[in-house]
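Order of the sequence lines sets the chain letters (A, B, ...), proteins ahead of strands, with each chain counted from 1.
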2 protein chains.
Amino acid sequence: MTETPRQRARIETEAQITAIGNRMIDDEGVDGLSLRAIARELGVVSSAVYRYVKSRDELLTILIRDAFTEIADAVDEALDGHRSVETLALAMLEWSRRHPSRWALIYGTPIADYEAPREETVVPGTRIMVTLAELVAEIRDDAEAATEGDAKPRGSAAKSLQGGKERRGMEAALQPLRDGLAELGLDYDDHVILETITIWVAVIGLINGLRFGQFGPGFDDVEDDLMSEVIGRLGA
Amino acid sequence: MTETPRQRARIETEAQITAIGNRMIDDEGVDGLSLRAIARELGVVSSAVYRYVKSRDELLTILIRDAFTEIADAVDEALDGHRSVETLALAMLEWSRRHPSRWALIYGTPIADYEAPREETVVPGTRIMVTLAELVAEIRDDAEAATEGDAKPRGSAAKSLQGGKERRGMEAALQPLRDGLAELGLDYDDHVILETITIWVAVIGLINGLRFGQFGPGFDDVEDDLMSEVIGRLGA
DNA sequence: GATTAAACGAGAGCGGTGCTCTCTCGAATC
DNA sequence: GATTCGAGAGAGCACCGCTCTCGTTTAATC
């Protein structure tokens, strides 16, 4: 069942194309990703590239999945050292520094007239957020174990807590997120979900602000400190 | 000192161009902004447009300034009703719903090979964040007035509070933000700045996530509720 | 009022993009 | 050895931003 030389060559060329594509996005942003330029670099005429890749969009899907996987791997690796929300956030921030344009590719404005096929990108694209939810749940469990002796059941049926009119809005507001987690076979307490999404949007918002230069200049040396302060302010 | 017919015609054409440009971005995103298409719509050959606008980038700068101004006006108007962080956030969210692509233009991935001239965009671009800082400071002052009788001096010299090793990182981390505020003639307590930036990144992050579809489907009816819950979780 | 200067639009053209279609050649397969 | 099939070449289409030239029309000046 080994590959024929023909197949081997094909696989290698495909790998070259994605490698060049990743490098082009790193260097010039997603707009700099050009199949014609890839063809030039391969020493081949532009139409030849279409033997290996159906369209620019298909290549984009591959590169997006790549990026999601790479940053999630980086986060997992960092968490092997010390398991905390701060570690997770700093690992994302560090990856964004190394690959600003690929960061923008996955967490910035979606590409016009392109829709990532969900089945291709949902799983790698949600890995970090799921990890964050796990972390938040762990911390919450630890805290509860410390205060009270017994643990509450972990289901989503925590409606009676601090009941009142706000709870109804919260339940509805979190429904789509609960559904998304359910699709992945997960089930978390509403408070865990709210905590997770709050931290998530703050982390993504901060990294985007830094990467996109929305806060002005002068942050190069204080990015990590700023992230830590914000995480601290969030109480995580 | 009234305008000649010639000048009037020029001003009107310029207004038409920016109007068409705004509509094109609204309809098809920033990539859909094409000077050739604008020319077609004006019933004119493509090169003629360059009489009114030096380049696509120059038009972009105008449209970016426009968008910043419009959303900041919308926020100000909303705050005339009820002054709160939630009102500010919901007003931004509402504007983003009406103009998703123009939202992306100002808070999404920066346009490749384009740098907004700071002097043109800094002031309109920072209006909302400054308003948020004011709001946070007001709330803080109110809270202090309620707990203690006397108010602390409002300078940035609040280093002695809860001193320790974290404070030093916080001071450094917030320095670029303090500098940015100083450029606008503003001076806030470090804790106000940290609170402001935390809320800011969470709000931007949440709206980006919703607009860019990063949380999956099903949020259409709960966007406002979700924003309110997150703001509530942030304690603002 | 005639003349000059400035503004304007038309049109052709350059180099770039994604993508399609046809043709040819060489290598793997039968 | 004949045949099939995959790969690359090349031309071409429609789009883009932008530049240059060349008449024409308008406005200001003498």
Side-chain angles (χ1 to χ4, degrees), chain A residues 1-18 20-21 23-25 27-64 101 105 110-116, chain B residues 1-18 20-21 23-25 27-64 101 105 110-116:
Chain A
M1 235 345 144
T2 179
E3 322 116 333
T4 72
R6 200 77 176 221
Q7 287 174 323
R8 241 197 72 63
R10 197 191 168 81
I11 289 171
E12 190 173 336
T13 305
E14 281 169 356
Q16 272 182 30
I17 290 177
T18 67
I20 295 174
R23 209 212 50 226
M24 280 183 170
I25 293 185
D27 290 350
E28 316 173 60
V30 66
D31 286 347
L33 179 71
S34 151
L35 294 192
R36 289 184 109 111
I38 290 177
R40 275 194 298 273
E41 191 156 326
L42 290 174
V44 118
V45 88
S46 73
S47 61
V49 174
Y50 288 84
R51 296 279 174 201
Y52 300 92
V53 116
K54 248 211 314 294
S55 67
R56 184 178 185 269
D57 280 7
E58 193 192 76
L59 178 56
L60 269 176
T61 300
I62 295 170
L63 299 182
I64 288 172
S101 295
L105 178 68
I111 282 85
D113 297 321
Y114 167 81
E115 188 139 7
Chain B
M1 237 342 146
T2 179
E3 320 118 333
T4 72
R6 198 77 178 225
Q7 286 172 322
R8 243 200 71 63
R10 181 168 237 287
I11 290 170
E12 191 173 334
T13 305
E14 281 169 356
Q16 273 181 30
I17 290 176
T18 67
I20 295 174
R23 210 212 50 228
M24 281 184 170
I25 292 184
D27 290 350
E28 317 173 61
V30 66
D31 286 347
L33 179 71
S34 150
L35 293 192
R36 289 184 110 110
I38 290 178
R40 275 194 298 272
E41 192 156 326
L42 289 174
V44 118
V45 87
S46 74
S47 62
V49 173
Y50 289 84
R51 298 279 176 201
Y52 300 91
V53 117
K54 248 208 317 289
S55 66
R56 185 176 184 271
D57 279 6
E58 192 192 75
L59 179 56
L60 268 175
T61 300
I62 295 169
L63 300 181
I64 287 172
S101 295
L105 179 67
I111 283 85
D113 297 321
Y114 167 81
E115 189 140 7

Trainee: Show your working on side-chain contact (heavy atoms from CB on, under 4.5 Å) between A:I38 and A:L33 and close with a plain yes or no.
Mentor: CA-CA 8 Å; A:I38 290 177; A:L33 179 71; 4.2 Å; yes
Trainee: Measure from CG on A:L35 to P on C:dT17 and round the result to the nearest Å.
Mentor: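 Those two atoms, CG and P, are 10 Å apart.
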Trainee: Have a look at B:R56 and say if it touches a base, only the backbone sugar-phosphate, or nothing, with a 4.0 Å heavy-atom cut-off.
Mentor: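 B:R56: backbone/sugar contact only, no base atoms under 4.0 Å.
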Trainee: Please report the distance, rounded to the nearest Å, between CG in A:L42 and P in D:dA7.
Mentor: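 In whole Å, D:dA7 P lies 13 Å from A:L42 CG.
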Trainee: Between CZ of B:R56 and CD1 of B:I111, what distance do you get to the nearest 0.5 Å?
Mentor: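 Output value for this atom pair is 7.5 Å.
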Trainee: How close or far is atom C1' of C:dG16 from atom CD of A:E28, stated in whole angstroms?
Mentor: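 Between C1' of C:dG16 and CD of A:E28: 13 Å.
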Trainee: Do any pairs count as a salt bridge (charged side-chain N to carboxylate O under 4.0 Å, His left out) and have a residue in residues 29-43 of chain A, sequence neighbours left out, and if so which ones?
Mentor: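 Salt bridge (charged side-chain N to carboxylate O under 4.0 Å, His left out) check on residues 29-43 of chain A returns A:R23-A:E41.
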Trainee: Given atom CG of A:D31 and atom C1' of D:dG17, what is their separation to the nearest angstrom?
Mentor: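 Interatomic distance, CG of A:D31 to C1' of D:dG17: 14 Å.
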Trainee: How about B:L59 and B:V49: do any of their side-chain heavy atoms sit closer than 4.5 Å?
Mentor: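 Heavy-atom side-chain distance check fails, nothing below 4.5 Å.
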Trainee: Please determine whether a side-chain nitrogen or oxygen atom of B:Y52 lies at a distance below 4.0 Å from atom OP1 or OP2 of C:dA7.
Mentor: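 Indeed not, no polar side-chain atom of B:Y52 lies that close.
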Trainee: Taking side chain as C-beta onward, heavy atoms only, is A:Y114 less than 4.5 Å from A:I64?
Mentor: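 When only atoms from C-beta onward are counted, A:I64 and A:Y114 do touch, with a gap below 4.5 Å.
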Trainee: Please assess B:I17 against B:I62 for the test side-chain contact (heavy atoms from CB on, under 4.5 Å), listing each intermediate value before the final yes or no.
Mentor: CA-CA 11 Å; B:I17 290 176; B:I62 295 169; over 6 Å; no
Trainee: Does A:R10 have a side-chain nitrogen or oxygen under 4.0 Å from the phosphate oxygens OP1 or OP2 of D:dA7?
Mentor: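 Answer is yes, contact under 4.0 Å.
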Trainee: Heavy atoms under 4.0 Å, any strand shown: does A:L33 hit a base, just sugar-phosphate, or nothing?
Mentor: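 Sugar-phosphate: the residue A:L33, judged by heavy atoms under 4.0 Å, touches backbone atoms but no base.
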Trainee: Please report the interatomic distance CD1(A:I20) to CG(A:L35), rounded to the nearest 0.5 Å.
Mentor: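 That separation rounds to 11.0 Å.
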Trainee: Rounded to the nearest angstrom, tell me the gap between atom CE in B:M24 and atom P in D:dC15.
Mentor: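 Nearest whole value for this atom pair: 13 Å.
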Trainee: What is the distance, to the nearest angstrom, from the CZ atom on A:R36 to the P atom on D:dC15?
Mentor: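 It works out to 15 Å between those atoms.
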Trainee: Extract from the structure each pairing of a protein N or O with an N or O of nucleotides 19-25 of chain D at less than 3.5 Å, listing the distance.
Mentor:
none

Trainee: Select base, sugar-phosphate, or nothing to describe what A:V45 touches, counting heavy atoms under 4.0 Å on all strands.
Mentor: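 The residue A:V45 makes base contact.
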